[in-house]
Amino acid sequence: MKPRTFSAMAAACLTAIWPAGCENQPGSTGGAPPATQPAAVKVEVPKKDKYIVGFSQCTIQEPWRVQMNKDVAEAAARHPNLELRVAVADDKIDKQVNDVENFVTQGVDFLIISPKETARSLTDAVARAYQKKIPVIVLDRRVLGDQYTCFIGADNYKIGLEAGKYARELLGGKGHIVELKGNMTSTPGELRHNGFVAAIKDELASGAIRIVHDADVDWKEGKAKSEMESALAANAQIDLVYGHNDPAAHGAWMAAKDANRESKIKFIGIDALPHEGIAYVKEGVLSASLQYPTGGDKAIEVIQDMIAGREVPRTITLGTRLFTRETVASGGKAID
Ligand code: FRU
């Protein structure tokens with residue numbers, strides 16, 4: 001049986017999957033599917049009492065990943081027709097390729113993958129699973145091309161843009177920034193950077209705002225702390241740190257605190273987990289954090305839709321909220 005049949009409505013759905021001005025930015029490795037792809041697909045799933053869902057997670061080194069696993073597991077546990085199998089790749093691309101291949105060998109009915117980065121080997125492993133007629137849901141970080149069923153994630157370009165706008169506001173249009181990037185060979189790292197610099201491009205061009213230090217810290221708090229130590233040693237003036245996630249922003253804050261400079265610097269992060277970024281904003285450690293939903297529950301919902309024979313969108317873009325010291329008590333501000 002063919003697992004995926006493009007919907008009869010495909011012609012009507014031939015609108016661009018990527019809204020202009022969002023993630024499909026010039027120079028992006030975003031792997032956005034071509035605009036000729038239908039916006040929704042219907043997957044034919046054989047009737048079974050139990051479906052095996054293989055979930056390939058790139059790492060659980062950051063709190064957000066732990067939360068994603070929890071969200072997937074809790075959502076799956078609500079459906080007795082699902083058996084969830086989880087493999088964690090410990091930040092290693094080769095291990096994640098093997099994990100995907102193992103799931104294919106095990107004959108899983110669905111694959112969820114949150115890839116480490118847009119690596120060719122991972123892209124190919126995902127494509128092989130998809131070509132074996134396993135419906136594939138890609139979560140959060142993209143692979144290249146269009147060989148998957150559904151992508152779920154928030155708009156990282158928009159999140160970076162909002163972080164940039166808020167940084168400009170906090171700085172009053174001038175100052176020195178340290179940017180602690182996520183993995184720059186992953187779409188969130190690349191797009192969070194692109195959005196941020198787009199928001200402050202006039203100030204960067206005039207020299208009113210300068211990025212005095214930047215580094216790829218691979219989303220890790222410890223690496224962010226040591227990069228910030230170098231930045232502090234080399235720069236007498238640092239006014240703001242933009243961390244591509246809350247662990248990066250918090251690692252930088254710890255380094256600044258050790259150097260007694262934390263009160264002179266503003267810190268912005270991304271993720272806004274209640275027990276992490278939001279708590280830091282409440283404590284006054286971060287000036288802001290932007291919410292980045294894990295999409296774990298949505299992935300299970302999409303699988304249930306496929307099982308029920310419903311069409312599923314090729315791309316599901318999750319929302320975001322800006323949490324600042326002013327808005328945190330009232331649940332943050334929605335970003336349209
Ligand atoms: C966790 C994480 C999050 C971040 C996301 C980006 O691994 O770094 O903190 O928002 O991945 O893909």
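- Among Arg141, His244, Lys220, Glu117, the one residue that satisfies the side-chain hydrogen bond (donor to acceptor under 3.5 Å, both in side chains) test with Asn183 is Glu117.
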From CA spacing to verdict: side-chain contact (heavy atoms from CB on, under 4.5 Å), Lys158, Ile335: CA-CA 9 Å; Lys158 191 198 275 182; Ile335 304 296; 3.9 Å; yes

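- Using a 4.5 Å cut-off on side-chain heavy atoms (C-beta onward), Leu144 and Arg120 make contact.
- When all heavy atoms of Leu161 and Ala198 are compared, the pair lying nearest together is CD1-CB, 4.0 Å.
- Residues Pro293 and Asp71 have side chains not in contact (no heavy-atom distance under 4.5 Å, counting atoms from C-beta outward).
- Counting non-hydrogen atoms of other residues, nucleotides and ligands closer than 6.0 Å to CD1 of Ile211 gives a total above 12.
- Using a distance-only test at 3.5 Å, with no hydrogens or angles considered, no donor-acceptor pair links the side chain of Asp140 to the main chain of Gly153.
- The two residues Met306 and Val45 have their closest heavy-atom pair at O-CG2, 3.6 Å.
- In this structure, Val72 and Ile300 approach most closely via the heavy-atom pair O-CG1, 3.8 Å.
- For the pair Arg85 and Phe103, the NZ or CZ position fails the cation-pi test of under 6.0 Å to the six-membered ring centre and within 45 degrees of the ring normal.
- Tracing side-chain contacts under 4.5 Å through hydrophobic residues (I, L, V, M, F, W, Y), one reaches Phe55 starting from Ile303; they form part of the same cluster.
- Trp219 forms part of no hydrophobic cluster, judged by ILVMFWY side-chain heavy-atom separations under 4.5 Å.
- For Asp109 and Lys48, the salt-bridge test passes: some basic side-chain N is under 4.0 Å from an acidic carboxylate O.
- Side-chain contact between Leu84 and Leu82 is absent, with no heavy atoms from C-beta onward closer than 4.5 Å.
- For the residue pair Arg321/Thr327, the side-chain donor-acceptor check at 3.5 Å is not satisfied.
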side-chain contact (heavy atoms from CB on, under 4.5 Å) between Thr149 and Phe110, worked out: CA-CA 10 Å; Thr149 312; Phe110 296 93; over 6 Å; no

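- Closest heavy-atom contact between Ala129 and Val104: CB-CG2, 3.6 Å.
- Around NZ of Lys50, the count of heavy atoms belonging to other residues, nucleotides or ligands within 6.0 Å exceeds 12.
- Among Met228, Glu262, Glu221, the one residue that satisfies the side chain to side chain contact (heavy atoms under 4.5 Å, CB included) test with Met254 is Glu221.
- Between Leu286 and the options Val241, Thr324, Asp246, a side chain to side chain contact (heavy atoms under 4.5 Å, CB included) holds for only Asp246.
- Here the side chains of Val178 and Glu227 are not in contact, with every heavy-atom distance at 4.5 Å or above.
- Note: Phe267 CZ to Ile238 CD1 = 8.5 Å, rounded to the nearest 0.5 Å.
- Between the side chain of Arg192 and the backbone N or O of Gly182, no donor-acceptor pair lies under 3.5 Å.
- Counting only heavy atoms from C-beta outward, the side chains of Val88 and Asn69 approach each other to under 4.5 Å.
- Atoms CE and CG, from Met184 and Asp218 in turn, are 12.0 Å apart once rounded to the nearest 0.5 Å.
- Put simply, the side chain of Arg65 never gets that close to the backbone of Gln57: no donor and acceptor are under 3.5 Å apart.
- Looking at heavy atoms from C-beta onward, Phe196 lies in side-chain contact with Ile177 at the 4.5 angstrom threshold.
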Derivation and outcome, side-chain contact (heavy atoms from CB on, under 4.5 Å), residues Ile113 and Leu139: CA-CA 6 Å; Ile113 177 167; Leu139 262 185; over 6 Å; no

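- For Lys266 and Asp239, the salt-bridge test fails: no basic side-chain N is under 4.0 Å from an acidic carboxylate O.
- In this structure, Val41 and Arg314 have side chains that are in contact, with non-hydrogen atoms separated by less than 4.5 Å.
- Using a distance-only test at 3.5 Å, with no hydrogens or angles considered, a donor-acceptor pair links the side chain of Thr118 to the main chain of Thr185.
- To the nearest 0.5 angstrom, Tyr148 atom OH is 12.0 Å from Ile137 atom CD1.
- Inspection of the Gln106 and Asn102 side chains reveals no N or O donor paired with an N or O acceptor under 3.5 Å.
- Side-chain atoms of Arg325 come within 3.5 Å of backbone N or O of Gly284 as a donor-acceptor pair.
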Worked verdict on Arg128 versus Glu101 for salt bridge (Lys or Arg N to Asp or Glu O under 4.0 Å): CA-CA 9 Å; Arg128 279 195 296 276; Glu101 272 161 8; 2.5 Å; yes

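- Residues Ile316 and Ile112 fall within the same hydrophobic cluster, defined by Ile, Leu, Val, Met, Phe, Trp and Tyr side chains chained together at heavy-atom separations under 4.5 Å.
- Between Lys95 and Asp90 there is a side-chain heavy-atom pair separated by less than 4.5 Å.
- Applying the ring pair (Phe, Tyr, Trp, His ring centres under 6.0 Å) rule to pairs touching residues 59-96 yields Trp64-Tyr292, sequence neighbours excluded.
- Screening Leu322, Leu273, Val328, Val281 for a side chain to side chain contact (heavy atoms under 4.5 Å, CB included) involving Ser289 leaves a single residue, Val281.
- Salt bridge annotation for Glu229-Lys225: present, with a cationic side-chain nitrogen under 4.0 angstrom from a carboxylate oxygen.
- Remark: side-chain polar atoms of Gln96 are paired, donor with acceptor, to backbone N or O of Ser114 under 3.5 angstrom.
- Between Tyr242 and the choices Ile270, Asp214, Leu180, the side chain to side chain contact (heavy atoms under 4.5 Å, CB included) rule is met once, by Ile270.
- To the nearest 0.5 Å, atoms CD (Glu283) and CD1 (Ile278) are separated by 12.0 Å.
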Verdict with reasoning, Gln67 to Glu276, per side-chain contact (heavy atoms from CB on, under 4.5 Å): CA-CA 11 Å; Gln67 186 64 45; Glu276 198 197 20; over 6 Å; no

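- Heavy atoms only, all atoms of each residue included: Pro46 and Glu44 are closest at CD-O, 4.0 Å.
- The heavy-atom pair separating Ser56 from Val100 by the smallest distance is OG-CG2, 4.0 Å.
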